[in-house]
Amino acid sequence: MNEKLRILQMIENGQISASEGAQLLQAVDSGGAASPSRGYSAHSHSMPPPPPPSHTPPPSSEGFNNNGRRPHSSEYDDFSKKFESFAREARPKVQRFTEVVADKIAGAADYLSHTFTTEASPPPREQSHKPKKHHSGAAARTSRPVPPSGGGGLTERQIEMYVETGGYNELSLSCMNGDIRIKGYNGDKITATLTYRANRANAEIDMVKLGGKYFLNYEPDDFKMVSIDAYVPERAFSVIKIDGINGQVDAASLSANEIRVSNANGNTVLSSIAAGNINAESSNGRLSVSNIVADNASVENLNGPMEASELDIANLKLSNYNSPLSIIMSKFARHANYQWSVETGNAKLSINLPTLPDLGYHIKAHAAMSEIRLGLTGLQFLINEPSLVEARSVSFDHATKKVKMAVETSNAPLVIN
């Protein structure tokens, strides 16, 4: 935990007052350290701050008025109250970030365990390609085995499966230690190249249809690697689910009522997707989302940069932790009202927004322990402080399209142009 978060924790635990915490943060920002007047218990969960320097560092300009003098006590009390309020809000965010990391690790553990324990096993014999039996009947598909590509038991297969239209259809693709590429096209069948490395000769893997559900069926413990490159009917599915680990996910030109994407330890690219609801989670890789149309969307990334562009989404939540997030927009076209929540942790947040005659903004921005740079024109500031800004377009009430945006970051600048 860095020095600033440690100070926040001490304020929340009541070990130091808000005023003392403000002095400590000012000292940290100035390159020195200061100790509060009260002592620390040997049983405290927080480590004490470093010893005080030989001189008292000058407080930051935030604690002084425009003339360089220390503010009156009432002004300083107001600052302390704001700081104390911020401390209460920041601590749950840090805790939530820790919980997100734990959830990601727990979710990936089952896949990772067999990957490392089976890697040393001898290469399996060539796959038998015997069609898998199912209690509900065989799937309507065409499968053409081809000679293994490369060595080490790597096998490649071509799969074709017609998709019935007119009812509820669901597509589910889950791979591990390999890439997932899924692209929609104007057709009526799934055409895929399946590449895998099995742990045993008779391991079975197949594209299966049960009712209206189409999915890649296999036992993860039977395989070291499973990868798929598929073209699917772009408008045939009500729900599309994509799950990957230790590989890249690339999904494009898809339309569905609901799309869910999860990927760990690899880059993720989502482009030209339309859906009622979108949920995307990724970790330990770059996440790129572009040309997305949706009513509701939640996009979250951990330990990797996120790039977002042309997101025509009415209700959007974007979250990125430990890496920068950039958003580029040229228009808000599809909806009349937009409600966006954008958040980064420990990384820069930059947003480029269009300025159009029929477009009105209401922006609330908070940059914990950093500064805000708001460069949009035609705004009226309701609050204008270095780390807290609320601004509204002068013509917001009469705008044809309204964008309400809450943005927040910590330990890094927040830039909106």
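Here the structure is a predicted model, which means the values were calculated and not measured.
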> Pairing donors with acceptors under 3.5 angstrom, does anything connect the side chains of N199 and D222?
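Short answer, no.
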
> Please round to the nearest 0.5 Å and tell me the distance separating atom OG1 of T195 and atom CD of E156.
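It comes to 4.5 Å.
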
> Which residues pass the side-chain hydrogen bond (donor to acceptor under 3.5 Å, both in side chains) test with H335, not counting sequence neighbours?
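For H335 there are no side-chain hydrogen bond (donor to acceptor under 3.5 Å, both in side chains) partners, ignoring immediate neighbours.
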
> Not counting sequence neighbours, list each pair that qualifies as a salt bridge (charged side-chain N to carboxylate O under 4.0 Å, His left out) and has a residue in residues 225-242.
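As it turns out, the salt bridge (charged side-chain N to carboxylate O under 4.0 Å, His left out) pairs with a partner in residues 225-242, which skip direct neighbours, are E170-K241, R181-D229.
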
> Using side-chain heavy atoms (C-beta onward) and a distance below 4.5 Å, is N267 in contact with D250?
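A side-chain contact under 4.5 Å is absent here.
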
> Output, in order, the C-alpha distance, side-chain angles, deciding distance and verdict of side chain to side chain contact (heavy atoms under 4.5 Å, CB included) for I416 and L376.
CA-CA 7 Å; I416 303 177; L376 287 177; 4.2 Å; yes

> About how many Å separate OG of S319 and CE of M306, when rounded to the nearest 0.5 Å?
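So the CE of M306 and the OG of S319 are separated by 7.0 Å.
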
> Only distances under 3.5 Å count here; give the side-chain donor-acceptor pairs of residues 325-332 to other protein atoms, sequence neighbours excluded, each with its distance to 0.1 Å.
from : atom 1 : to   : atom 2 : distance (Å)
S330 : OG     : E310 : OE1    : 3.1
S330 : OG     : E310 : OE2    : 2.9

> Can a donor-acceptor pair be found between the side chains of T193 and Q158 at a distance below 3.5 Å?
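Note: T193 and Q158 side chains meet the donor-acceptor criterion.
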
> Is N177 reaching over with its side chain to a backbone N or O of K224, donor-acceptor style, under 3.5 angstrom?
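Yes: the side chain of N177 pairs with the backbone of K224.
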
> Under 3.5 Å, is there a donor-acceptor pair between the side chain of S395 and the main chain of H398?
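Flag not set: sc S395 to bb H398 has no pair under 3.5 Å.
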
> Strictly distance-based, threshold 3.5 Å: is any side-chain N or O of S227 a donor or acceptor partner for the main-chain N or O of G178?
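Flag not set: sc S227 to bb G178 has no pair under 3.5 Å.
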
> Does R373 have any side-chain hydrogen bond (donor to acceptor under 3.5 Å, both in side chains) partners at least two apart in sequence or in another chain, and if so, which?
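E371.
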
> Atom CG of residue position D397 - does it have more than 12 heavy atoms of other residues, nucleotides or ligands inside 6.0 Å?
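Yes, CG of D397 has more than 12 neighbouring heavy atoms, counting only those of other groups under 6.0 Å.
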
> Atom CD of Q380 and atom CD of E390: how far apart are they, to the nearest 0.5 Å?
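With rounding to 0.5 Å, CD (Q380) is 10.5 Å from CD (E390).
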
> Apply side-chain hydrogen bond (donor to acceptor under 3.5 Å, both in side chains) to D312 and list each qualifying residue two or more places apart in sequence or on a separate chain.
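D312 satisfies side-chain hydrogen bond (donor to acceptor under 3.5 Å, both in side chains) with Y338 once adjacent residues are dropped.
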
> Are Y321 and N346 packed together at the side-chain level, in the sense that at least one heavy-atom pair is separated by less than 4.5 angstrom?
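No, their side chains stay 4.5 Å or more apart.
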
> Distance check, rounded to the nearest 0.5 Å: L216 atom CG versus D243 atom CG?
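Rounded to the nearest 0.5 Å, the CG-CG separation comes out at 11.5 Å.
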
> Treating N169 as the side-chain partner and E164 as the backbone partner, does any N or O pair qualify as donor plus acceptor under 3.5 Å?
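Side chain of N169 to backbone of E164, a donor-acceptor pair under 3.5 Å: yes, one is there.
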
> Under a 3.5 Å distance rule, please check whether N320 uses its side chain to pair with a backbone N or O of G304 as donor and acceptor.
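Such a contact is found between N320 side chain and G304 backbone.
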
> Test your reading of the model: is there a side-chain donor-acceptor pair from W340 to the backbone of V407, 3.5 Å cut-off?
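Not confirmed, W340 side chain does not pair with V407 backbone.
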
> Take atom NZ in K401; do more than 12 heavy atoms of anything else shown fall under 6.0 Å from it?
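Result for NZ/K401: enclosed.
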
> Can you check whether F396 and Y361 have ring centres sitting under 6.0 Å from each other?
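Between Y361 and F396, which both carry aromatic rings, the centre distance is not below 6.0 Å.
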
> State whether D221 and R200 are salt-bridged, where the test is any N-O pair (Lys NZ or Arg NE/NH1/NH2 against Asp/Glu carboxylate O) under 4.0 Å.
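Here D221 does not pair with R200 in a salt bridge, since their nearest N and O are not under 4.0 Å apart.
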
> Does the S253 side chain pair with the main chain of K183, one donor and one acceptor, at a distance under 3.5 Å?
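No.
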
> For the pair N263 (side chain) and G247 (backbone), establish whether a donor and an acceptor sit closer than 3.5 Å, ignoring hydrogens and angles.
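Yes: the side chain of N263 pairs with the backbone of G247.
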
> With rounding to the nearest 0.5 Å, note down the distance linking CG in N291 to OG in S272.
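Here the rounded value is 5.0 Å.
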
> If you look only at pairs with a residue in residues 234-292, which of them pass as a ring pair (Phe, Tyr, Trp, His ring centres under 6.0 Å), with sequence neighbours excluded?
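For residues 234-292, and leaving out neighbouring residues, the ring pair (Phe, Tyr, Trp, His ring centres under 6.0 Å) pairs sorted by first residue read Y214-F237.
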
> Less than 3.5 Å apart, any donor N or O on the side chain of S282 or N301 sitting next to an acceptor on the other?
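S282 vs N301: donor-acceptor pair found between side chains.
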
> Is D295 paired with R334 through a side-chain N to carboxylate O contact shorter than 4.0 Å?
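A salt bridge is absent here (no side-chain N lies under 4.0 Å from a carboxylate O).
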
